[in-house]
Amino acid sequence: MEMNKTTFDQLHGSIDVVAKRKGGEKLFIDLDICNSDQCDECVIKCSYFYHHVNNGMISLIELATYALICRQCEEPHCVNSCPRDALEKIENGDTLVRHTALCVNCRSCSHACPYGTIYPQIVPYLANICDYCSDRGDYTCIPTCPYGALSSVKGKVEGENIFELGNRLVVHSTHWDRSKA
Amino acid sequence: MSFNLIIDALKNPNGFFASSPLSLLCAAFAAMFFVFAVIYSLKHMKGRTGLWRYYIYLLATFIATLGILFSTTFVLLLVLWGFLGLMLYLLISFGNNEGTPESARKSLVIIGGTDVLLLLGIVLIWRIVSGDTGLSGFLHLKFGNLAIPLTGRGQIIAYLCLASAAFAKAGAMPFHTWLPDTARDAPVPVTAYLPASLDKLLGIYFLARITLDVFVMTPLMNTVLMALGSLTIMAAVMMALVQHDLKRLLGYHAVSQVGYMVLGIGTGNPVGIAGALFHMFNNTIYKSSLFLAGGEVERRTGTSDLSKLGGLVKAMPLVFAAFLIASLSISGIPPFNGFASKWMLYQGIILSAGSGGLWVLWLVAAMLGSALTLASFMKLIHTVFLGQPSEISQKVIEKKEKSGFSTLLPLTVLSLLCIGLGVFAWKIPFADYFSPEVKGQVDFPGIWQSGLATMMLISGLVIGFLIYLVGTLKKARIVEPFVGGETLEKNPDMRVSGVDFYKTIMELGLLKGIYRWAEKKFFDLYVVAGKFVAGFGIIFSFMHNGILSRYFLWFIAGLVVLCIVLI
Amino acid sequence: MSLKLKALLKSPWVFHLSTGSCNNCDIEILDCLTPRFDIERFGMLLVGSIKHADVLLVTGSCNRMSVERLKVLYEQVPKPCLVVAIGTCAGSRGIFKDSYNCPVPLDKIIPVDVYIPGCPPKPEAMIAGVVKLIEKVGGSK
Amino acid sequence: MTFVYLLVFGFAATAVLGLITSWIDRKVTARVQYRVGPPFLQPFIDIVKLLGKETLIPAGASKGTFLIAPVIGISGVIAVATLLWVNQFFSEGFMGDWIVTIYLLAIPSLSIILGGFASRNPLASLGASREMKLVIAYELPFILAALVPVINAHSIRLSVIIDSQAGGVFAGSLSGILALIVAILCVQAKLALVPFDIPEAETEIVGGALIEYSGPGLAIFRLMKNMLFFTLPFFLIILFFGGLRLNGINILWTVLEYVGIVAIITVIRNTNPRVRIDQAVRFFWGPMTLIAIVAVVLALKGL
Amino acid sequence: MGKTIIPIGPYHPLQEEPEFFTLTVEGETVVDIDMRMGYNHRGIEKLSEMKTFENSTFVVERICGICSTSHPYAYTRAVEDIFPMEVSMRSKYIRTIIAEGERIHSHLLWLGLAGHFLGYNTVYMWAWKLREEILDVMEILSGNRNAYAMFKPGGVRRDINAEDIPISLKKIDSILPTLDMLKKAVLDDPVLHARLKGVGVMSYQEAIDFSALGPTSRASGVARDVRKDSPYGAYQEMEWDMIVTKNGDVFDKAVIRILEMFEAAKIMKYCLNNLPDGEIDAKIKDVPPGEGIGHIEAPRGETFHYVKSDGTNRPVRHKVRAPTFMNLPTYKATIKGQTISDATIILAAIDPCYCCTERIAVKDGKGRMLYNGQDLIRLSRSKTEKIRQRMGGR
Amino acid sequence: MTREEVLLDFTSRFHADILDLEDKSNTRLYVDIKPESIVRIGTYLFRNIGARFNIATATDLPPKIEILYHFILEDINLLISLRVFLDGEKPEIESLAKEIEAFNWIEREMSELLGITFIGHPDPRRLLLADNWPEGVYPLRQDYEEWDNTSDRTRGV
Ligand code: SF4
Ligand code: SF4
Ligand code: SF4
Ligand code: SF4
Ligand code: SF4
Ligand code: SF4
Ligand code: SF4
Ligand code: SF4
């Protein structure tokens, strides 16, 4: 394993839980709802209880945000503004990564991003994590979102602004696309 | 035979009885103890069977004692002496301990055995003094002013025979072993009455009489006496240190204290002997006080096993006070009476300095003996009265019973005597009581200024209290003891019972071996002799099985045999 | 100021009470006795029995075991006595605030007279703290 | 008249001198340990402070015994001190006051023991029992050592012992020296100082017998110990140096003797760890008794 | 016969920390012992789960003030063990220096306290006087007397200034002769021999059975030292000796500790002299899921940390095993048949401290002071005033 | 013995008990074993191979509880971690403490902090928690919640 190089897998668990979920169920997030005025703060109950007050959803939202909404600036203000060098723009992966062990939750990045991509809530001091509820039964989070942003889907989901992130997550989000800019 | 004698004696009292100031004093003490024994028994012996017999025995004992004290002939004394041994046996049998019969038998054998020696001694004296004057001469042999010099072998044997009878009665080494057992197994008033008081009075009285009136001591004999005395002091007190039973421990002290008296008589000088006699009286006082107090403890708790006692001061503060005073007395703490007489003894020992440097040894033994006595009494005080209450004593404390009059009266009187005799020691007219006996002016090199010392101590107390008053005594607050933040209530096991206080000492190199031997009773004449005699089989088992009648048979047979042999 | 109080301030005997500390504060207290700091200069002595104590030096974050015992122990000190909370732990439970085993802060258990913050406070700070306490008690009378 | 001596010397002077001695001890200790040590008046202040504090009585303990124990102790010391002072200045002791002194010297230990037992605290009991064991341990050599001057002076009268040293102190003879050594070690134990602080062993049994005492009770005990700290060396000086000689150059000698004894005690206490109780008993009954016996034999031989 | 129980503790001058031992005794002889822990339990393990990896270092440091290096050291090694990573040589050297400095101060502290327990206060004072010097060195190097806060996962937090090195070296050199004197004073004292030799003997087999650690086991002839067995830090860079003795009694434990100080000084000096250049901190960006263990030789034996991570920035499980946890039970084996007086010194010989044994304190993160000293004093004043009024004003 | 020999010996002897084997690095080795065989394997490692017992760490990984027994072989610097999984509802395992003293305390600790029952433990009392700590509340369980409503989470002062 390459040292200190964070990969997607590393961040979100090398425990491959997909096999254990029957039927290839995937979690579906409507990020537009999450980011709309409807929802001020994520209130889902996450069943991942290794950590107190863990809200795995936030880590998923963060992930999706960086992957889909972030403009992938050439000269990223956020990265430059981070006092702890916790943000990194991964060149070939075309995504932003926040190294949780370094971030001190100062939220400079939130202020620095000219597009308001980085919501203050998604850079918590104590990192959250979602393991897709591995084999603990159904997703606990889905019924607890009052705004209906979450659901579980099977198979391939088609539609505008719907993206698959990895093999467990599907996101609906108004994607910013460099090619369309 | 003895019957005739008594009749004779009654017919003609003057021929057989005479009184001296000393014997009067002894008699007075005996009377006091008799009264106390009766009073105390009223409550303590309640509910036992055959009580009327018990009181009759007490009375008979008392009368016999008086008889011994005032008798002037050997044979009368011998008869009463034997009678007393019998009474002791009978009285011990009132105890209801497991070991009672065995202890009663043991004391009977030892005392009876030495009675035989006494008889032998008397016969020897009779032969030395008056040749063959027939049985009636024997019967009327008086023991005043004989002044037999301890030169020949016969004389020495005679002295030793008489002395051993005195030793056995008083409980000095090596005839002491019946005492601790008896103390444990006999009813308490009996112990307080007989072994602790009357037997002491008689034994030492008799020893003093024979030493002064009958024989003329040689320095060698004196040294032997002093050595025996010192040995008794040390050995008994060392044994006492490690006892686990309240009464047995007291019993060993009864032995150890005799050592002082023997030591005092052994000094051979008036001060020493007067000291010994004075100590004898003092001893009876605090000793019976201790036994009576101990008996009260046993009555209330139902046990005398030290490890089961503790913290009783809450239940019986007055008994504790009496016990404390008596303990301080027996340990010779000034200004109590024990110190007054011990102080005289020390003087006597130092005056005996003529006999080479050995006096240092006796002095050290006596003084160290006091320290050890103090030690073992501190152990008792802690284990019985202070310290953490045990389960049993917890119950006793909760019962809130009060010690009755019958207990407190003797204790109070005895405690007052302890203090009084100590503080006013120099006021006591020794000369009147002791001089006639000790044959010579009690020539004190100095008088125990108990007044001065007492005054100093009292002023010290006053100053101490003043300091308290300067402080904030009034604001005293009762809180939990500090055991590192835990509470004793939650940890009832945190109880130092004190039984094992001196285990450390017991485990010291040489002592360890000695103690182990002592535990195996290697030093117990009774057991050793028993084992020895067991070789001869029948006689011993016959004797040992001894019911009273067999003992009698044996005693009389011996007497007869002796008479025949000798006459 | 009464003579009593004066004497108390000139010879405060301290008893050290650790209620779940990390040792550091305790060690530094002992350090105060040693040659460099030598609090005996001020008449202070470290005593072994709480019944001899005038000043309680409390360290640590009062865990559940200690809480009850603290109350008992505080009862056992002869009054007048002063309580000094040494270290952040005793002052506020510091880092251990949310521990399941440290339910209540010290001053909710027994009254505290002075707080000496630090983790651990330097011996100098402790001495200064106690001296301040003495001044305060002395001055306020 | 006696009362005047008693109050002036027995108590006041002894107390003051004792407190000063204890200050010397603490100060020397501190210096040995590279510390500054307490200020001069510290022992006095300690006592005053303790007097001002609350008296605590352990629950379930024997209240009377608990409170009276310190008083008994201090009265014993006062009595001894008075006796010594009286002998020192007025040659007015009585015959056999040597014995009385030795006996009275047992009273402080006795009071500590009683107090400890009355505290209803297991640790106090333990401490008191150790004190008791220590007493029986050191009593033997102490008596023997104290006998040496008696043998030399052929008297058990302290004033005679003092007088007979006018020509030359007993400490000058071989037996005297040996006895003095033994006696100093016994005094060490009597004062319960390291290496014989077994009964109080703060780090084992938390102050032992005194654990439950607070306020005035503790003050009296401390005062008692401090007074003993003066009285015992004083006794030794009487026995082996012919008492305090307060005339001319002898004053200097007397002071030197006194400070010397105190210094030896302090140095011993600072250069040794505490021994175990069985070791202590063995030490006193073994080598110490032997030396003392040798001293006694020598004394009997007139050496 | 009813058993007699003597309490040692919980608040006992023998121990800076509360711990409750009950000795069952006969006379003065100990026949059994029981221990009641929990007076120091702060739930550190749980706290640790609420803090980030980096913050946990501080909580770990507060497991114990004496091992305020060992625990962070073991902990950082555990974190570094979760995924393969190497820290720079310079930081290894610095870590070693701090760890050995701590060993000296800890052993001196032990020596002093042992002397104190024996009533030998002079040794106590002397040892602690010497300890002050070593604390000075530590203050020069790290900025604090204890609780150095030098460690962080991936390296060290602070560098050692070049100009401090000669000063420290000189100080260490100046300590050694005094240390030597102290060694002689302690090891040649006949009374100490009488007190310590043959007391509290632990046999080889017992040491193995109890899995005893550090000086406690090395005194019984068990040659265990993590620094040798499983080298870490800079220990394999130089020559040094592991001290092992055979008798297993208290005296041997003292000997080992005293001699170890000289070794530690040697190591320290070597490291200071040969401090390599380089980075002091390999930044850890993320901690992947997994688990790691770290064990190092603390003054009292092996300190063992186990950290399980799930990919967030805080541990799922953090288990601390301090040397005393394994050593303390040996007390049970060594104490029977000894006297109460020996019990305390035997206990001391293990060099026990319980804050680590009861670690499990919890990390909550913000070690911030809410008030400054002035505030506190002001507050306390008003509080005292209130109390005084409540108590009736006097 | 070299590392290979130890491994070979160990695995061949306990073939049936070993579920999985993970060679993490050259100093670390994880061995998943069946819970019922822990006593045999543990004592074998301790007594026959001469491994030193480091410690056991238990973790609540709902729905299971994992215990890792760490043994170190000092000669070859190999740390072997035996891993067992217990049922989270009713965690029970044979006690090793009855065989080896060193396990005594840690098992007591695990049982009070995580509620694991060690069958046959010689001295199953509490080790760390206070007397008034309620039964059945295990602070290191993931679902631990504050039970004591008198506790105060303010800063104090
Ligand atoms: S998941 Fe639901 S609750 Fe959470 S941020 Fe989105 S909309 Fe809000
Ligand atoms: S500045 Fe905003 S848009 Fe640009 S890279 Fe950073 S987060 Fe994305
Ligand atoms: S919140 Fe974190 S990532 Fe953002 S700037 Fe601060 S440290 Fe960097
Ligand atoms: S939030 Fe705090 S840490 Fe972050 S940049 Fe602002 S002041 Fe600094
Ligand atoms: S899938 Fe499970 S772990 Fe992930 S956010 Fe939802 S509830 Fe939490
Ligand atoms: S304040 Fe700091 S040094 Fe003191 S006990 Fe608490 S954590 Fe330890
Ligand atoms: S062993 Fe534990 S308590 Fe002792 S110093 Fe080390 S970490 Fe602290
Ligand atoms: S809390 Fe703040 S002031 Fe205190 S040591 Fe830490 S950084 Fe410094």
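Numbers restart at 1 for each chain; the letters A, B, ... are given by sequence-line order, proteins then strands.
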List the steps and the verdict of side chain to side chain contact (heavy atoms under 4.5 Å, CB included) for D/I136 and B/L374. CA-CA 9 Å; D/I136 41 185; B/L374 181 68; over 6 Å; no

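- The candidate from D/L110, D/V296, D/I47 with the greatest count of non-hydrogen atom pairs under 4.5 Å with chain B is D/L110.
- The two residues D/Y103 and B/S370 make their nearest non-hydrogen contact at OH-OG, 2.8 Å.
- D/E131 is linked by a salt bridge (charged side-chain N to carboxylate O under 4.0 Å, His left out) to nothing, counting only residues two or more places apart in sequence or in another chain.
- B/M378 places none of its side-chain heavy atoms less than 4.5 Å from the side chain of D/V135.
- Between D/E139 and B/A371, the shortest heavy-atom distance links the atoms CG-CB, 3.8 Å.
- Scanning residues 142-150 of chain D against chain B with a 4.5 Å non-hydrogen threshold yields D/I143, D/L144, D/L147, sorted by number.
- In this structure, the portion of D/I220 lying under 4.5 Å from any heavy atom of chain B is its side chain and not its backbone.
- Neither the backbone nor the side chain of D/I293 comes within less than 4.5 Å of any heavy atom of chain B.
- Separation of atoms CG (B/L324) and CG (D/L114) is listed at 6.0 Å; rounding is to 0.5 Å.
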